[in-house]
Amino acid sequence: MAEYNFREIEQKWQEFWKDKGTFKAEVDPNRPKFYSLDMFPYPSGAGLHVGHPLGYIASDIVSRFKMLKGFNVLHPMGYDSFGLPAEQYAIQTGQHPAITTEQNITRYTEQLKNIGFAFDWDREVRTSDPAYYKWTQWIFMQLFNSYYDQEADKALSIGSLISRFEKEGNASIKAVCDDDTPTFTASEWDGFSEKEKQEMLLKYRLTFLAETTVNWCAALGTVLSNDEVKDGFSERGGHPVERKKMMQWSMRITAYADRLLQGLEKVDWSEPIKEMQRNWIGKSIGAEMVFQVKNSDKSIKVFTTRIDTIYGVTCLALAPESDLAAELITEEERATAEAYIKVAKNRSERERMSDVKTISGAFTGSYAINPFNDEEIPIWIADYVLAGYGTGAVMAVPAHDERDYNFAKHFGLEIRQVIEGSMENGSFPGKGGLIINSGFISNLYMKEAMEKAIEFLEEKGIGKGKIQFRMRDAIFTRQRYWGEPLPVYFKDELPYLIDEKDLPLVLPEVDKYLPTEDGEPPLGRAKDWTYKTADGEYPLELSTMPGWAGSSWYFFRYMDPKNDSVFADKAKTDYWGAVDLYIGGSEHATGHLLYSRFWTKFLYDLGVVSIDEPFQKMINQGMIQGRSNFVYRLKPLLKGGGEGNPEEKAILPMIFVSKGIHEKIQGKSLNEAEKTEIELKFKSIFEKLNPQIDYWGLLKIDTSAMHVDVNIVHNDQLNLDKFKAWRPDLADAEFILEDGKYSCGAEVEKMSKSKYNVVNPDDIIERYGADTLRLYEMFLGPLEQFKPWNTNGIDGVFKFLKKLWNLYHPGSGDFAVSDAPASKEELKVLHKAIKKLEEDMANFSFNTSVSSFMICVNELTALKCNKREVLEPLAILVSPYAPHIAEELWALLGHSTSITTASFPEFNEEYLVESNFEYPVMINGKMRAKLNLSLSLAVSEIEQAALADANVQKWLEGKAPKKVIIVPGKIVNLVV
RNA sequence: GCCGGGAUGGUGGAAUAGGUAGACACGCAAGACUUAAAAUCUUGUGAGAGCAAUCUCGUACGGGUUCGAUUCCCGUUCCUGGUACCA
């Protein structure tokens with residue numbers, strides 16, 4: 001009697017795969033490659049929950065499918081193991097983050113192995129491993145040694161830039177550099193001191209030190225990213241955060257802005273993700289021009305995308321932060337304007353953002369001259385202008401821009417229409433419309449007007465056409481301990497790279513993981529954190545790299561994870577190429593996915609890899625949300641507000657009411673019996689208090705919801721014994737039930753420890769096995785859709801596996817397959833499944849595949865089929881989804897090698913060919929009859945047959961149909 | 001606000017070059033087996049009307065195109081993801 005014993009089977013095959021090295025991938029030029037990758041996980045202390053493996057299961061299915069299709073599959077897994085949580089834990093406990101990280105990785109790996117993924121574990125990488133971050137540091141050094149040449153449109157070496165400086169200075173060099181870079185000649189360069197030269201080069205390097213405004217959190221001693229700041233406080237810990245200027249390393253990702261934009265055309269990603277990246281890069285084509293301030297030597301530079309509306313400018317608006325704004329304030333306006341600046345500056349960024357409706361601003365008293373018509377334009381200060389974008393100044397055209405319109409309307413400024421159209425509904429952009437009231441560009445259309453206007457600016461030397469990007473350079477340092485040290489030391493306060501032979505620069509030990517007393521990053525605590533060169537000993541950089549450093553190139557390291565002489569051998573990266581399938585969440589759209597593309601393009605420019613887009617095809621799986629359960633505690637309140645006095649409160653009973661009663665209390669619709677039950681529970685308590693007081697009369701009853709562990713709730717019914725075990729402090733609590741049961745409330749929320757709604761895959765595997773977990777996660781719905789986790793349907797999937805097993809173990813339960821040829825009908829069932837599976841795989845529609853497996857097995861069971869000719873291919877078919885049971889069946893069928901070495905069954909159309917079709921016959925578009933007819937019938941014969949049918953005749957009521965629509969093999973429709 | 005995605009039975013979902021709405025599964029109900037329970041199996045299950053055959057309604061809502069619309073077009077509501085005044 002061989003039952004489906006998943007525990008035994010799964011353990012057996014996981015060991016087999018490990019011992020035989022089944023998933024070891026090696027370069028093989030004779031086979032086509034397939035690189036399947038999951039987004040790099042951070043090994044958190046909470047371990048894996050059921051949401052994590054969703055994407056891994058999908059990529060595993062595709063990987064195994066590709067193996068069956070003859071591909072050489074690279075399917076690795078590793079850990080993005082530097083990160084804040086381990087450091088935070090270290091600060092609290094003093095435990096070295098390396099130890100915590102190691103423990104977490106061990107747990108993750110164990111959990112992943114239990115699910116039976118086809119990972120090549122020999123290729124595992126960890127970003128916190130010095131053998132790995134040696135190469136992260138190496139890439140940083142290459143960036144430091146490069147600049148972006150706009151003529152070559154690629155990164156070139158700093159060495160070649162120096163030789164050009166020596167020959168011709170920098171006037172004719174088109175390269176991406178800081179805005180404040182001065183022009184110099186070859187002889188001036190020659191005259192620069194070493195320090196001046198280095199300072200100049202820093203303005204060109206692809207990674208550079210610069211003063212940037214950052215979110216500084218003094219309590220945490222670190223800089224936070226925008227999404228780590230909530231309402232001016234740190235998300236973690238709630239410490240105050242201020243905007244502060246600091247010296248930070250940055251990456252000149254803006255140099256690649258255009259190529260990052262164009263590269264999107266080449267990759268097969270979902271349109272929303274591409275769109276997010278496009279918006280993030282934010283390319284605007286326009287013009288930059290200078291307005292002279294009247295009676296002053298000062299000028300204001302603005303960027304505009306609508307230079308065609310230059311004659312409609314009736315105001316210039318400056319950001320409150322700009323220094324110029326303060327300088328332009330005249331005596332008469334000083335009081336109001338300065339007060340406004342103070343208020344506007346003090347408003348937090350979030351306030352300014354969320355409060356779009358309120359229009360505010362102040363007049364400076366100064367005027368600027370529009371060079372096109374010499375008109376005087378008032379200069380205002382307005383907080384809708386951002387200091388960080390463009391030039392921090394806007395030429396307002398109220399007639400054709402909504403924000404400008406609202407501003408002008410609010411302050412009673414002139415609104416001058418310069419494009420033909422109606423102003424009835426306020427401003428209108430009028431893109432492409434006819435220009436009017438605009439001097440020499442009147443009667444032109446947008447494109448031509450813009451060209452003419454830019455020509456005018458260039459002639460007068462007061463402006464030019466310009467492309468502006470929204471994207472900023474990326475800050476590359478964190479004042480943290482648990483990250484890669486930068487391979488940089490300082491001499492005369494200028495940064496220099498350490499020698500390549502000294503890589504990796506290993507993270508030093510420190511006594512505490514906190515900033516030093518004088519505010520230096522934690523590395524400031526390290527002893528001997530210096531670099532020794534021939535001419536002396538110099539301090540090393542104290543900041544570390546951000547989380548995205550290590551994850552920006554890991555997909556190359558998987559190709560050659562142990563190499564010590566290069567980050568990855570070129571022959572290997574050439575063979576494996578780009579990732580063919582990348583599965584992960586869409587939350588990385590503008591972070592990881594942009595930085596990885598940037599570094600890949602840079603490495604491509606260096607010539608060390610041959611691809612410039614790392615991820616060819618990407619699928620974004622939807623998050624699995626948690627489903628929280630609630631219990632409702634009765635909360636007696638003293639009438640007229642306030643709670644009872646502390647003494648009474650302390651002994652008030654813990655009473656939980658079932659969901660229905662909670663709803664009635666909230667809706668004030670309790671019936672008498674329920675009221676009495678509650679009252680009695682309380683009375684027995686009150687009797688022990690002062691019997692003189694009518695407590696009940698003083699109380700009003702309310703309820704409050706409390707999260708309860710979803711693992712002690714089944715079908716929303718609370719297991720009372722388990723509840724008491726879960727919360728021993730509430731073991732004496734009383735419960736008011738409905739129909740003898742306690743019903744819990746439920747809500748869909750993010751899966752999180754604090755909400756007690758985390759479901760662990762280990763529990764599911766323990767109860768049903770990994771194959772059931774894999775199938776069920778897929779069966780839940782389309783991969784890309786967000787969905788709450790619930791185990792309501794898991795029994796059906798488990799039953800399916802048992803039925804599958806029983807096909808190979810008919811009757812008595814012993815393994816038995818017949819070598820007799822399969823019937824036509826049996827083959828049809830099989831090939832229907834093959835066809836569906838191939839289609840689903842092409843569409844990444846895994847849920848429908850599981851359904852078709854079920855249909856297939858149901859039909860074969862009905863046919864009592866146990867023919868090898870059908871069951872052998874069936875095992876292969878199922879193997880990507882449920883690999884353990886498939887391997888076991890494959891072995892029982894007499895094979896000694898892994899099922900992954902089998903070939904995917906060839907689909908044969910012949911078995912699906914039908915001779916007959918049951919035509920739905922519709923009268924006026926409604927299905928009224930069915931007719932089983934031969935598919936070989938001509939249209940006229942079908943019509944005859946349909947009209948001859950008694951049921952059809954009944955509906956026609958003897959009349960001839962007005963119109964007859966016949967689609968052979970599909971439908972018959974008669975219009976009366 | 002702007003840009004995406006979505007809304008189908010009690011539940012998860014299936015079906016779009018426009019062609020039988022609700023596959024598959026859960027749940028529920030009835031029955032079989034069992035001393036009993038679990039497991040398993042069988043049958044039924046969108047709503048309403050009817051003894052029944054059958055009929056009417058039905059894919060968020062309101063229109064439209066069509067012989068025929070869950071699918072295409074226009075408008076509305078709600079949910080959800082991203083983004084934050086980008087000149």
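Chain A is the first sequence line, chain B the second, and so forth, proteins listed ahead of strands; every chain is numbered from 1.
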Whole-Å distance, A/I281 CD1 to B/U83 P, equals 15 Å
Can you tell me, in whole Å, how much space there is between the P of B/C51 and that of B/G64?
37 Å
Using a heavy-atom cut-off of 4.0 Å across all strands, would you classify A/Q785 as base, sugar-phosphate, or nothing?
sugar-phosphate
Can you tell me how far C1' of B/G82 sits from CH2 of A/W269, to the nearest Å?
15 Å
What's the closest nucleotide to the A/L386 side chain, out of B/C85, B/G13, B/A84?
B/C85
Say you pick atom C1' in B/A36 and the same atom in B/G58; how far apart are they, in whole Å?
44 Å
Would you find more than 12 non-hydrogen atoms of other residues, nucleotides or ligands less than 6.0 Å from A/K274 atom NZ?
yes
Assign B/G9 to syn or anti; the rule is syn for a glycosidic angle within 90° of 0 and anti otherwise.
syn
Shortest non-hydrogen contact between A/I454 and A/A287, atoms and distance
CG1-CB, 4.0 Å
With sequence neighbours excluded, residues passing salt bridge (charged side-chain N to carboxylate O under 4.0 Å, His left out) with A/K963
none
Separation of A/F786 atom CZ from B/G4 atom C1', in whole Å?
12 Å
For atom C1', what is the distance between B/G4 and B/U20, given to the nearest Å?
34 Å
Write down the distance separating the C1' atoms in B/C73 and B/G81, rounded off to the nearest Å.
26 Å
Span that lies between the C1' atom of B/A14 and that of B/G63, in whole angstrom:
28 Å
Distance in angstrom units between A/I381 CD1 and B/A87 P, rounded:
22 Å
Provide a list of protein-nucleic acid N or O atom pairs under 3.5 angstrom, restricted to nucleotides 55-58 of chain B.
unit_1, atom_1, unit_2, atom_2, d
B/U56, OP2, A/R928, NH1, 3.3
B/C57, OP2, A/K926, NZ, 3.2

Taking B/C26, B/G13, B/C85 as options, the one with an atom nearest any side-chain atom of A/P782 is B/G13
Tell me, please, which residues at least two apart from A/E402 pass side-chain contact (heavy atoms from CB on, under 4.5 Å).
A/N406, A/S427
Could you tell me how far apart A/F853 (CZ) and B/C24 (P) are, to the nearest whole angstrom?
17 Å
Going through the checks in order, is the salt bridge (Lys or Arg N to Asp or Glu O under 4.0 Å) test met by A/K828 and A/E859?
CA-CA 10 Å; A/K828 184 179 158 188; A/E859 288 179 352; over 6 Å; no
Contacts of type side-chain contact (heavy atoms from CB on, under 4.5 Å), residue A/M446, not counting sequence neighbours:
A/R306, A/D308, A/K431, A/M450
Go through the steps to decide whether A/F798 and A/F800 satisfy the test ring pair (Phe, Tyr, Trp, His ring centres under 6.0 Å), and finish with yes or no.
CA-CA 5 Å; A/F798 184 59; A/F800 155 74; over 10 Å; no
For A/N916, all residues meeting side-chain contact (heavy atoms from CB on, under 4.5 Å), sequence neighbours excluded
A/N932, A/S934
Measuring from A/T772:OG1 to A/K802:NZ, what's the distance to the nearest 0.5 Å?
9.0 Å
Does a donor on one side chain and an acceptor on the other come within less than 3.5 Å for A/Y595 and A/T590?
no
State the dot-bracket string of RNA chain B. Criteria: Watson-Crick or G-U wobble, both atom distances under 3.5 angstrom; notation: ( ) intrastrand, [ ] crossing earlier pairs, | interstrand, . unpaired.
(((((((..(((......[....)))((((((.......))))))((((....))))..(((((..]....))))))))))))....
Distance-only, no hydrogens or angles: does the A/H400 side chain make a donor-acceptor pair with backbone N or O of A/V418 under 3.5 Å?
yes
Could you go through the salt bridge (Lys or Arg N to Asp or Glu O under 4.0 Å) check for A/E275 and A/R278 one step at a time?
CA-CA 5 Å; A/E275 199 54 30; A/R278 283 190 200 108; 2.9 Å; yes
Categorize A/V975 for me: base, sugar-phosphate, or nothing, with a 4.0 angstrom heavy-atom threshold over every strand shown.
sugar-phosphate
If the condition is side-chain hydrogen bond (donor to acceptor under 3.5 Å, both in side chains), which residues does A/Q468 pass it with, not counting sequence neighbours?
none
Close N or O pairs between protein and nucleotides 37-45 of chain B (under 3.5 Å):
none

Give me the distance, rounded to whole Å, that separates B/A21 from B/G13 when you measure between the C1' atoms they each carry.
13 Å
What nucleic acid atoms does A/N858 come within less than 4.0 Å of, heavy atoms only: base, sugar-phosphate, or nothing?
sugar-phosphate
Tell me, for nucleotides 15-23 of chain B in 5' to 3' order, what letter each nucleotide earns: B for a base near a protein heavy atom under 4.0 Å, S for only sugar-phosphate near one, - for neither?
----BB--B
Please measure how far the C1' atom in B/G5 lies from the corresponding atom in B/G19, and state the result in whole Å.
27 Å
Sorted by chain and residue number, the side-chain hydrogen bond (donor to acceptor under 3.5 Å, both in side chains) partners of A/D771 (sequence neighbours excluded) come out as A/H884
Check residues 846-856 of chain A and write down every donor-acceptor pair under 3.5 Å in which the side-chain atom is one partner and the other belongs to a residue at least two apart or another chain.
unit_1, atom_1, unit_2, atom_2, d
A/T848, OG1, A/D840, OD1, 3.1
A/T848, OG1, A/D840, OD2, 3.0
A/T848, OG1, A/S845, O, 3.0
A/T848, OG1, A/S845, OG, 2.6
A/S849, OG, A/D840, OD2, 3.0
A/S849, OG, A/Y881, OH, 3.0
A/S852, OG, A/T848, O, 3.3
A/S852, OG, A/S849, O, 2.8

Check the distance between B/G12's P and A/E784's CD and give it to me in whole angstrom.
20 Å
Counting just side-chain N and O atoms, does A/S284 come under 4.0 Å of either OP1 or OP2 of B/A87?
yes
If I pick the P atom on B/G22 and the same atom on B/A15, what distance separates them, to the nearest angstrom?
13 Å
Most 5' of A/N279 and A/K963 on RNA chain B, judged by nearest nucleotide
A/N279
For A/R472 and A/P788, find the nucleotide of RNA chain B closest to each by heavy atoms; which residue's nucleotide sits nearer the 5' end?
A/P788
Could you check how far CE of A/M276 sits from P of B/G82, rounded to whole Å?
8 Å
A/K283: salt bridge (charged side-chain N to carboxylate O under 4.0 Å, His left out) partners, not counting sequence neighbours
A/D258
Tell me the interatomic distance from A/D401, atom CG, to B/C2, atom P, rounded to whole angstroms.
14 Å
